[in-house]
Amino acid sequence: MAVAGLPAVVARNDLPERVTICEVGPRDGLQNESAIVPVGVKLEFLDRLVAAGHRVVEATSFVHPKWVPQLADAEELLSALDRHPGVRYPVLVPNAKGLSRALAAGVDEIAIFGSATETFAQRNLNRSVAESIEMFAPVVATARDRGLRVRAYLSMCFGDPWEGPVPLRQVADAAVALMSLGCTELSLGDTIGVATPGQVRALLHAVSDAGVGLEQVAVHFHDTYGQALANTLAALESGISIVDASAGGLGGCPYAESATGNLATEDLVWQLDGLGIETGVDLGTLVETSVWMARQLGRPSPSRVVQALGG
Ligand code: HMG
Ligand code: MG
């Protein structure tokens, strides 16, 4: 399939030269599918994403299989995965049980996932915010002792479907609590896609003022209200150079009803290519991957770039 067009490149000197994309499609995308995707399809998806140039691909989650049955095949997936040198394959791990499963599967990078709000902490982790920090502490300590990288997700950073807008201070405090455990990276999540660019800038200032260096911070936008790309640009302008995205715009969270797909990686790469920002990801190969995946799932990709180029 030929790529019909590429954006004109007009660089801006106030933006990073390179952005690391954390591809979350195989985890955030597939955790939200109503049908269980066969492990062989997941493996081909992972391989195709790497072939497109991704160097960080979130592979799966070691959560309770009853909570997320879509990812209950984590062990089978990792044992069959052909791990390419130079590619990072982080996995989600909420607790000690998840960590022991992940270590037995030979992972070298994990992600814990906290919440800025009490309601989502209860719904997603069956614990309060404070209890979830207690649950994460030994996980991070053991993982760091073993030399693993540990990303900390923080969900509901901009708005929560049960609690409404989330105060900046509350988010910054939760961010500091997670990073104080010894995490190596923080990903700020707009789980339900309600953020707008001014709010993104304000939160990044607040997190930075609270002592978290923005070189360690990623942004994780869902695109429910069509703001994900605008929010990404605001984040890049604020000094962010790690962006989470999901091939084809797959995604959501089964424990936050109003969460729809993530920022589509193709839409992100189109913007970054146009800004002359290096990502290492080839747009044409990625579009082909999402067209293939959409066929497996039996419905078209919501990504505008996949729709424009993938026909
Ligand atoms: P719980 O029921 O409180 O667990 O769930 P527990 O600690 O009371 O243990 C109960 C039983 O579960 C025990 O078994 C454990 O061994 C077992 P028993 O002794 O009764 O036979 N168990 C496990 N089994 C397998 N793997 C495990 C595990 N843990 C306990 N890891 C728990 C607590 C955290 C496990 C549960 O709430 C859970 O799995 N939650 C995960 C929910 C989830 O994955 N949500 C989606 C990811 S977050 C997201 O999408 C947002 C993000 O994208 C960012 C954004 O958009 O904002 C990251
Ligand atoms: Mg998410």
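For ligands, and for the atoms within them, numbers begin at 1 and follow the listed sequence.
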Atom indices of ligand 1 within 4.0 angstrom of [X] heavy atoms, with elements:
{"X": "Asn126", "result": "1 (P), 2 (O), 3 (O)"}
{"X": "Gly98", "result": "31 (N)"}
{"X": "Pro94", "result": "34 (C)"}
{"X": "Val68", "result": "43 (C), 44 (O)"}
{"X": "His222", "result": "56 (O)"}
{"X": "His220", "result": "53 (O), 54 (C), 55 (C), 56 (O)"}

[X] N/O under 3.5 Å from ligand 1 N/O:
{"X": "Lys97", "answer": "no"}
{"X": "Phe62", "answer": "yes"}
{"X": "His64", "answer": "yes"}

Looking only at heavy atoms, what is the nearest atom pair of Ala59 and Leu78, with distance?
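Heavy atoms only, the tightest pair is CB-CD2, 4.3 Å.
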Between the Mg ion (ligand 2) and His220, which N, O or S atom of the residue is the nearest one?
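Looking only at N, O and S atoms of His220, the one nearest the Mg ion (ligand 2) is named NE2.
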Heteroatom of Asp28 nearest to the Mg ion (ligand 2) (N, O or S, atom name)
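For Asp28, the N, O or S atom at the smallest distance from the Mg ion (ligand 2) is OD2.
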Would you check whether Lys66 reaches within less than 4.0 Å of ligand 1, judged by its heavy atoms?
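The answer is no, since Lys66 has no heavy atom less than 4.0 Å from ligand 1.
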4.0 Å heavy-atom contact, Cys157 with ligand 1
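Heavy atoms of Cys157 never come under 4.0 Å of ligand 1.
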Sole candidate of Val243, Ile21, Val305 that passes side chain to side chain contact (heavy atoms under 4.5 Å, CB included) when paired with Thr265
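Only one of Val243, Ile21, Val305 forms a side chain to side chain contact (heavy atoms under 4.5 Å, CB included) with Thr265, namely Ile21.
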Qualifying residue, where the test is side chain to side chain contact (heavy atoms under 4.5 Å, CB included) with Gln271 and the options are Asp273, Val269, Asp267, Leu275:
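Answer after filtering Asp273, Val269, Asp267, Leu275: Leu275.
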Which option out of [options] puts a heavy atom nearest to [atom]?
{"atom": "atom 51 (C) of ligand 1", "options": "Gly193, Ser155, Pro65, Ala111", "answer": "Ser155"}
{"atom": "atom 7 (O) of ligand 1", "options": "Arg27, Arg127, Glu131, Gln122", "answer": "Arg127"}
{"atom": "atom 40 (N) of ligand 1", "options": "Val63, Leu125, Asn124, Thr191", "answer": "Asn124"}
{"atom": "atom 38 (C) of ligand 1", "options": "Tyr153, Trp67, Phe158, Phe221", "answer": "Trp67"}

Using protein heavy atoms only, decide if any is under 4.0 Å from atom 18 (P) of ligand 1.
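Within 4.0 Å: no protein heavy atom nearby.
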Atom 9 (O) of ligand 1: any protein heavy atom closer than 4.0 Å
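Neighbour list for atom 9 (O) of ligand 1 is empty of protein heavy atoms (cut-off 4.0 Å).
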Metal proximity, Asp244 vs the Mg ion (ligand 2), N/O/S cut-off 2.8 Å:
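Looking at Asp244, which is the residue asked about, there is no N, O or S atom under 2.8 Å from the Mg ion (ligand 2).
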Assess the residue pair Asn262 and Ser246 against the criterion (side chain to side chain donor-acceptor pair (under 3.5 Å)); give the C-alpha distance rounded to whole Å, side-chain angles, the decisive distance to 0.1 Å, and a yes or no.
CA-CA 6 Å; Asn262 290 70; Ser246 170; 4.5 Å; no
